[in-house]
Amino acid sequence: MTLSRKPLKGMRELTPGEKRIEDYVIKRLREAGVAYGFEEYETPVLEPLELFLAKSGSELAVKQSYNFTDKGGRKLIMRPELTPSLARMVAASGELIYPVKWMSFPVCYRYERPQRGRVREFVQFNLDILGVSGLEAELEVFLVLRRIMSSLGASRGQYVIRYSSRKLASGILESCGITEEEMAQAYAVIDKKDKIKPDEWEELVRKTIKDERNADTIIKFASCSDPDVPWLSEAAGGSEAFDEIVRFSGMLKDAGILEAQFDASVVRGLDYYTGIVFEVMDTGGKNRRAICGGGRYDNLVGMFGGQKVTGVGFGLGLLTLDLFLETYDLMPEGISGKHPADIFLAVYSDGERAFAVNFAEKLRDVGISVEIDITGKNLSKQLKIADRKSIGYIVVIGPEEVVSGRITLRNMTSGIETECEVSEVSGILIDRNLCGEAN
RNA sequence: GCGACCGUAGCUUAAGGGUAAAGCACCGGACUGUGGCUCCGGGUAUUGGGAGUUCAAAUCUCCCCGGUUGCCCCA
């Protein structure tokens with residue numbers, strides 16, 4: 001019986017080339033967070049099931065998660081998302097300086113069928129602001145999102161930040177008499193709007209919401225693409241939620257965030273959102289899933305007892321982001337093939353090995369990444385290996401070099417050779433690396 | 001959980017009832033003082049698994065497994 005060569009269904013397995021791509025994206029995300037003063041934190045992968053039962057919704061916590069009973073009889077879950085853990089951590093921390101601005105790169109798990117943009121083990125980027133109840137928090141989060149997208153090379157028009165308000169939606173639905181139990185159904189059907197054809201969607205709404213007038217209200221509401229449309233101001237004018245969304249829309253315009261668009265059909269799936277909700281979508285037809293989803297959750301931290309702490313944040317899927325970057329050809333050229341070693345030392349024969357190893361150690365001492373031959377193959381083969389690993393420089397260490405102390409440094413890209421003393425190599429490499437592009 | 005499509009060498013594919021084949025990759029050599037090029041040699045396969053039809057199955061049928069993708073749900 002031979003062992004399977006595949007990892008478990010949907011589990012994450014990255015080759016060094018794939019890992020380099022992920023590292024590049026993570027670096028950009030982290031830089032964007034740091035630019036606004038966000039700090040990094042971590043929480044456990046394994047959590048008590050109850051943490052997610054109450055807060056994420058049972059669909060996610062039970063049906064779509066890896067959960068099990070451990071040897072001590074405790075019901076556990078592999079986290080399907082991060083926010084409840086963050087809320088607990090904040091609730092438990094005594095001496096935080098608000099506003100808390102934190103970010104993390106959690107590996108999360110969902111028990112679902114893998115498909116485009118969806119796997120069972122995935123990394124996302126979470127960024128949250130806690131302790132700010134004003135819309136300035138939402139605005140800053142939107143600014144971070146725009147910076148992320150532009151730093152990765154996305155241009156306006158390739159993506160859109162769609163936003164709406166849970167408070168506004170629930171207010172409209174309640175005021176027209178939609179019952180508590182219809183509410184979840186109503187959200188679900190509103191969320192469908194952009195996923196199917198307009199006439200099919202209307203049909204679905206009428207089929208789901210029996211009362212004709214309520215169905216009309218839902219159709220009219222979900223079709224609002226500006227908070228200022230007459231129908232909406234008539235239906236919700238004067239309410240706190242309406243004032244808020246109008247004000248936020250104005251703040252976004254003032255800040256020049258033109259990629260943000262109000263869209264009342266944005267709902268987001270998580271149960272704990274209380275205010276503005278938003279998502280980043282590819283505007284093209286190829287990637288139909290949100291790259292990022294988030295919103296305001298003002299009651300989450302308070303559920304742990306103690307004081308109420310407001311929050312706004314998002315989760316951004318690295319996989320959906322990758323698909324976006326691939327779609328628009330935004331991955332930097334050659335990034336997956338870039339080998340870490342700066343220089344390759346070819347060893348002519350075993351007689352020079354001790355000399356070469358010592359030389360390599362000296363280079364490493366000053367921060368140069370060195371790969372030295374350890375195969376003992378002939379020179380031609382050694383150089384072929386260095387070439388195929390795309391290592392930038394090579395040096396051959398043979399009897400002549402050992403005797404003279406002079407070596408020939410070859411740039412493998414240009415083919416240019418530089419003859420110099422062994423002691424000069426590190427200086428030359430460091431100078432050139434500083435001049436080269438730093439990624 | 002439901003549906004559609006697809007499974008042949010490490011990868012991409014060919015053979016559509018009659019000897020499993022090619023390119024790339026890989027390994028060895030020409031070649032122990034210089035990589036990308038060239039030449040020579042090597043096939044690495046239970047054709048995803050099992051059953052059935054047939055003198056004969058990679059090929060036809062059925063079941064299972066796996067992959068991709070859509071739905072549910074969502075990063």
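Keep in mind the model is a prediction, meaning the values are calculated, not measured. Below, chain A is the first sequence line, B the second, and so on; all start at residue 1.
Distance check: A:E47 CD to A:L82 CG gives 8.5 Å after rounding to the nearest 0.5 Å. The CD atom of A:E419 sits 5.0 Å away from the OG1 atom of A:T408 when rounded to the nearest 0.5 Å.
If you measure from atom CD of A:E419 to atom P of B:U34, you get 16 Å, rounded to the nearest angstrom. Rounded to whole Å, atom P of B:U32 lies 17 Å from atom CD of A:E400. With rounding to whole Å, A:K197 atom NZ is found 13 Å from B:C71 atom P. Rounded to whole angstrom, the span from the CG atom of A:L82 across to the C1' atom of B:C74 amounts to 16 Å. For the pair A:R406 CZ and B:G33 P, the interatomic distance rounds to 22 Å; values are reported in whole Å. If you measure from atom CD of A:E401 to atom P of B:G33, you get 12 Å, rounded to the nearest angstrom. Atom-to-atom, OH of A:Y111 to C1' of B:C74 comes out at 17 Å; the value is rounded to the nearest Å. A straight line from CZ of A:R288 to P of B:G70 spans 10 Å, rounded to a whole angstrom.
Contact annotation for A:K192: backbone-only contact, meaning every heavy-atom pair under 4.0 Å involves sugar-phosphate atoms and none involves a base. Residue contacts shown for A:I291 are limited to sugar-phosphate atoms, with no base heavy atom under 4.0 Å away. Looking at heavy-atom distances under 4.0 Å, A:S380 makes contact with a base. Residue A:A290 is classed as a sugar-phosphate contact, given heavy-atom separations below 4.0 Å to backbone atoms only. The residue A:G398 sits close to a base: some heavy atom pair falls under 4.0 Å. Here A:V119 lies in heavy-atom contact (under 4.0 Å) with a base. Within the 4.0 angstrom heavy-atom criterion, no nucleotide atom of any strand lies near A:E352.
Syn is the glycosidic conformation of B:G16, whose angle stays within 90° of 0.
The same atom, P, is picked in B:C39 and in B:G50; the two are 41 Å apart, to the nearest Å. For the C1' atoms, the distance from B:U61 to B:G17 is 14 Å, rounded to whole Å. Nucleotides B:C62 and B:U53 are separated by 15 Å at their P atoms, to the nearest Å. The separation of B:U8 from B:A14, taken at their C1' atoms, amounts to 9 Å, rounded to a whole angstrom. B:C2 and B:G16 are spaced 36 Å apart, taking the P atom of each and rounding to whole Å. On the C1' atoms, B:C60 is 15 Å away from B:U47, given to the nearest whole Å. For the C1' atom pair drawn from B:A15 and B:A45, the interatomic distance equals 15 Å after rounding to whole Å. Nucleotides B:C27 and B:U19, compared at atom C1', are 26 Å apart to the nearest Å.
Nearest to the side chain of A:S349, among B:G35, B:U32, B:G33, sits B:U32. For A:P114, counting side-chain heavy atoms from C-beta on, the closest listed nucleotide (B:U68, B:G33, B:U34) is B:U68. Of the candidates B:C73, B:G33, B:U32, the closest approach to any side-chain atom of A:P399 belongs to B:G33. In the set B:U32, B:U34, B:C71, the nucleotide with an atom closest to the side chain of A:I394 is B:U34. Proximity note for A:Q115 (side chain, C-beta onward) versus B:U32, B:U69, B:G36: the nearest is B:U69.
Salt-bridge formation is detected for the pair A:R353/A:D373: a Lys NZ or Arg NE/NH1/NH2 atom is positioned less than 4.0 Å from an Asp or Glu carboxylate oxygen. The pair A:D263-A:K193 fails the salt-bridge criterion, with no side-chain N (NZ, NE, NH1 or NH2) lying under 4.0 Å from an Asp/Glu carboxylate O.
Relative to the six-membered ring of A:Y187, A:R166 meets both conditions, a distance below 6.0 Å and an angle of at most 45° to the axis. Cation-pi geometry between A:R12 and A:F122 is not satisfied (NZ or CZ under 6.0 Å from the ring centre, within 45° of the ring normal).
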Inset, instruction - May I have the step-by-step check of side chain to side chain contact (heavy atoms under 4.5 Å, CB included) for A:F68 and A:L46, ending in yes or no? - result: CA-CA 10 Å; A:F68 58 95; A:L46 209 53; 3.8 Å; yes
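Each of A:V123 and A:R116 was assigned the nucleotide of RNA chain B with the nearest heavy atom; the assignment lying further toward the 5' end belongs to A:R116. Of the two residues near RNA chain B, A:E112 and A:P7, the one whose nearest nucleotide lies more 5' is A:P7.
The base of B:U34 sits within donor-acceptor range of the side chain of A:R410, with an N or O pair under 3.5 Å.
Phosphate contact (OP1/OP2 of B:G70, side-chain N/O of A:K195, threshold under 4.0 Å): absent. Contact annotation: A:K381 side-chain N/O to B:G35 OP1/OP2 distance is not under 4.0 Å.
Using N1 to N3 plus N6-O4 or O6-N4 for Watson-Crick, or N1-O2 and O6-N3 for G-U wobble, each under 3.5 Å, B:G28 pairs with B:C40. Under the Watson-Crick or G-U wobble criterion, with both distances below 3.5 Å, B:A20 has no partner in any strand shown. Taking a pair to require two hydrogen-bonding distances under 3.5 Å in either a Watson-Crick or a G-U wobble arrangement, B:C60 pairs with B:G52. With both pairing distances under 3.5 Å, B:G1 is matched to B:C71 as a Watson-Crick or G-U wobble pair.
Ring orientation note: the planes of A:Y41 and A:W102 are tilted relative to one another, at an angle of 30° to 60°.
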